[in-house]
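Everything below concerns the one structure shown next.
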Amino acid sequence: MRFGISVLVAAMALSSIGASAEQDSAKPLTVGVFTNTGSFSASGSGVEGSQSIAYLQMIYTSPSWGAGFTSSYASVDYTTGAADERYKRSTMTDTAVTTFYNAKRGALRARFGIDLGLPTGQATQTSEELSRSITDDIYEDLLLLNNYGSGLNMAAHLALSYQTGSITWGFGARYLTAGAYDPMSDREQDEFDPGDSLLALASVLFSFGEQGSALVNLSRTTQGHDKQNGKDIFRNGDIMALEFRLLRDWGSSLSTSLVALERQQDKNERLYANEQYKSETGNANANSTEVFLETAWTSSDALIFTGVLGYKSVTANDYPEDDYLYDGGRTKFYVEPGLRWSLSKSALVSLKLRYSTVDDQKDSLSPDGATYSVYNVDMGIIMGF
């Protein structure tokens, strides 16, 4: 969550609409307007709520460079069951700005640029409001956004690719400089400065003729020290992630993508009551595995039906069950039917419906465990100019 969730959403969505824009050089400006509405509830727990997000994305691409931004507004209302009052927030989120430059020499391609996270969101809240929020990492399976503001963030990124026959080699790096902000309005001298981070990624793409390909990505994220009033207080453990993606075209109308993801995170470092700063006695971070199948079926030139079917497993962490940091892990199943409908050569409508069921084991949010039902509706229109 270092760069703000809105920036992460921007990076994913802008790359998608950027690809569409590149297909028609006569329309270099692409505009996307999206809404996402979600709700969740749990059996065996008092946790329930909803979240709505509306966001605008624009990107301009030329043969050698591009720039874009994402601006969003979010509204959330939920209860954790542990607090008397509900957590409510309606606010702009941080604005994501991305820039990039493309270069090519022979089989070598390069892309580099600067991303900015502008602090247009609401980073500050009262300590009482913070106590009503979901801090357990299950929020990533319940909410699309869980961070509504931060400081001024800047990230430099570089991506290189080199093609040799049917194999394309890739390397990427992204260094994030995170800005400080005031997390709680009713406390003095609590300025929080998130640690910087470095993401390094290596990939290899194997092409099997015109009908299939396989992609392998290996990444490592190295985290810096979080500071409060200039003093180290926490450091997130470094993250290793492995992704395998198998793509296949089954004739002219059906394509599939089978994806497997493995994520592991090292121990955190924290400041203990005796003012000692050291690694945790156990690993509070749990490892996760996710497998999903994506499909796209072309019904006509104007209409494409899509679908996603997936499974995710998060293992229990290393702490004993009687420790407040213990998390028993969780499993998640989800299904997402959708469609893409071309209104014209320069306008596309998308619709996705997702249902997820999350079986959460014992943790700080659900002392007895709970099963969540999560619903999401995502709609958008993408236009080229």
Shortest non-hydrogen contact from Ser356 to Lys332?
-> OG-CE, 3.7 Å
Straight-line distance of Lys104 NZ to Ser161 OG, nearest 0.5 Å | 9.5 Å
Please test Thr126 against Asp186 for side-chain hydrogen bond (donor to acceptor under 3.5 Å, both in side chains), starting from the C-alpha separation and ending with a verdict.
-> CA-CA 6 Å; Thr126 66; Asp186 54 351; 5.0 Å; no
Drop me the distance from Thr93's OG1 to Tyr73's OH, to the nearest 0.5 angstrom.
-> 11.0 Å
From CA spacing to verdict: side-chain contact (heavy atoms from CB on, under 4.5 Å), Ile382, Phe34 | CA-CA 9 Å; Ile382 302 170; Phe34 299 87; 3.8 Å; yes
Check: Asp196 and Leu176 side chains under 4.5 Å, non-hydrogen atoms | no
What distance do Ser350 atom OG and Ile304 atom CD1 have between them, rounded to the nearest 0.5 Å?
-> 11.5 Å
Determine, step by step, whether Asn36 and Asp378 satisfy the side-chain hydrogen bond (donor to acceptor under 3.5 Å, both in side chains) criterion, reporting the C-alpha distance in whole Å, the side-chain angles of both residues, the deciding distance to 0.1 Å, and the verdict.
-> CA-CA 4 Å; Asn36 185 284; Asp378 190 277; 3.1 Å; yes
Within 45° of the axis and under 6.0 Å from the centre of the six-membered ring of Tyr87, does NZ or CZ of Arg132 qualify?
-> no
Check: Tyr78 and Leu142 side chains under 4.5 Å, non-hydrogen atoms = no
Starting at CG of Leu261, measure out to OG of Ser288 and round the result to the nearest 0.5 Å.
-> 8.0 Å
So, the side chain of Asp327 versus the backbone of Gly329: is there a donor-acceptor pair under 3.5 Å, distance only?
-> yes
Donor-acceptor pair, side chain of Asn268 and main chain of Gly237, under 3.5 angstrom = yes
Inspect the surroundings of CZ in Arg109 and state if more than 12 heavy atoms from other residues, nucleotides or ligands are less than 6.0 Å away.
-> no
May I ask you to say whether Lys267 pairs ionically with Glu269, meaning some side-chain N is under 4.0 Å from a carboxylate O?
-> no
Check: Gly195 main-chain N/O paired with Asp226 side-chain donor or acceptor under 3.5 Å | yes
Looking just at side-chain N and O atoms, do Arg89 and Gln125 make a donor-acceptor pair shorter than 3.5 Å?
-> yes
hydrophobic_cluster_shared for Leu353 and Val349, side chain cutoff 4.5 Å = yes
Please name the pair of heavy atoms, one in Pro119 and one in Ser150, separated by the smallest distance, quoted to 0.1 Å.
-> CB-O, 3.3 Å
Give a yes or no on whether a salt bridge exists between Arg174 and Asp115, defined as a side-chain N under 4.0 angstrom from a carboxylate O.
-> yes
Within the distance-only criterion (no hydrogens, no angle test), does the side chain of Asn287 pair as donor or acceptor with the backbone N or O of Thr315 below 3.5 angstrom?
-> no
Carboxylate-amine/guanidinium proximity below 4.0 Å for Arg220 and Asp266 = yes
Could you tell me whether Glu140 and Lys312 have a side-chain N and a carboxylate O separated by less than 4.0 Å?
-> yes
With side chains defined as the heavy atoms from C-beta onward, is the minimum distance between Met184 and Leu130 less than 4.5 Å?
-> yes
Are any non-hydrogen side-chain atoms of Val377 and Leu351 less than 4.5 angstrom apart?
-> yes
Got a donor-acceptor contact below 3.5 angstrom from the Ser344 side chain to the Ser346 backbone?
-> yes
With the side chain counted from C-beta on, respond yes when Thr61 and Ile59 share a heavy-atom pair under 4.5 Å apart, and no when they do not.
-> yes
Identify the two heavy atoms, one from Gly310 and one from Phe292, that lie closest to each other, and give their separation to 0.1 Å.
-> CA-CB, 3.6 Å
Are the side chain of Asn153 and the backbone of Gly179 linked by a donor-acceptor contact shorter than 3.5 Å?
-> yes
Over 12 non-hydrogen atoms of neighbours within 6.0 angstrom of CZ in Phe208 | yes
Cluster check Leu152, Met154: I/L/V/M/F/W/Y, side chain < 4.5 angstrom | yes
How about Asp190 and Asp182: do any of their side-chain heavy atoms sit closer than 4.5 Å?
-> yes
Do the ring planes of His225 and Tyr277 sit parallel (below 30°), tilted (30 to 60°) or perpendicular (above 60°)?
-> tilted
Does the ring of Tyr272 carry Lys278 above it, NZ/CZ under 6.0 angstrom from centre and within 45° of its axis?
-> yes
So do the side chains of Ser255 and Trp297 get within less than 4.5 Å of each other, counting heavy atoms only?
-> no
Verdict with reasoning, Ile167 to Val204, per side-chain contact (heavy atoms from CB on, under 4.5 Å) | CA-CA 7 Å; Ile167 300 178; Val204 57; 3.6 Å; yes
Look at the side-chain heavy atoms of Ile, Leu, Val, Met, Phe, Trp and Tyr, link any pair under 4.5 Å apart, and say whether Leu144 and Val358 land in one connected group.
-> yes
Ion pair Arg86/Glu48, N-O distance below 4.0 Å = yes
Evaluate side-chain hydrogen bond (donor to acceptor under 3.5 Å, both in side chains) for Ser52 paired with Ser75, printing each intermediate quantity in order.
-> CA-CA 5 Å; Ser52 297; Ser75 180; over 6 Å; no
Are Glu280 and Arg270 close enough for a salt bridge, meaning some N to O gap below 4.0 Å?
-> yes
Enter the distance from Ile233:CD1 to Leu271:CG here, rounded to the nearest 0.5 Å.
-> 8.0 Å
Is there a donor-acceptor pair under 3.5 Å between the side chain of Asn317 and the backbone N or O of Leu325?
-> yes
Run the numbers on Phe192 and Tyr181 for side-chain contact (heavy atoms from CB on, under 4.5 Å), then give the verdict.
-> CA-CA 6 Å; Phe192 180 67; Tyr181 62 95; 3.6 Å; yes
Between CZ of Arg263 and CG of Asn285, what distance do you get to the nearest 0.5 Å?
-> 7.5 Å
Decide, yes or no, whether a salt bridge links Asp141 with Arg330 under the criterion of side-chain N to carboxylate O below 4.0 Å.
-> yes
Do Val374 and Tyr139 share a hydrophobic cluster (ILVMFWY, side-chain heavy atoms under 4.5 Å, transitive)?
-> yes
Backbone N/O of Ile53 and side chain of Gln51: donor-acceptor pair under 3.5 Å | no
Apply side-chain hydrogen bond (donor to acceptor under 3.5 Å, both in side chains) to Glu243 and Asn217, showing your working.
-> CA-CA 5 Å; Glu243 174 186 355; Asn217 287 323; 3.3 Å; yes
Go through the steps to decide whether Tyr319 and Asn283 satisfy the test side-chain contact (heavy atoms from CB on, under 4.5 Å), and finish with yes or no.
-> CA-CA 7 Å; Tyr319 279 89; Asn283 192 343; 5.9 Å; no
Is the closest side-chain heavy-atom distance between Glu290 and Tyr334 below 4.5 Å?
-> yes
Scan for ring pair (Phe, Tyr, Trp, His ring centres under 6.0 Å) pairs involving residues 350-385, sequence neighbours excluded, and state none if there are none.
-> Tyr355-Tyr375
Inter- and intrachain pairs under ring pair (Phe, Tyr, Trp, His ring centres under 6.0 Å), touching residues 238-263, at least two apart = none
Write down the atom of Val314, the atom of Ala286, and the distance for their closest heavy-atom approach.
-> CG1-CB, 3.6 Å
Any side-chain donor near an acceptor of the partner, Ser197 and Gln223, under 3.5 Å | no
How about Lys352: does its NZ atom have over 12 heavy atoms from other parts shown lying under 6.0 Å from it?
-> no
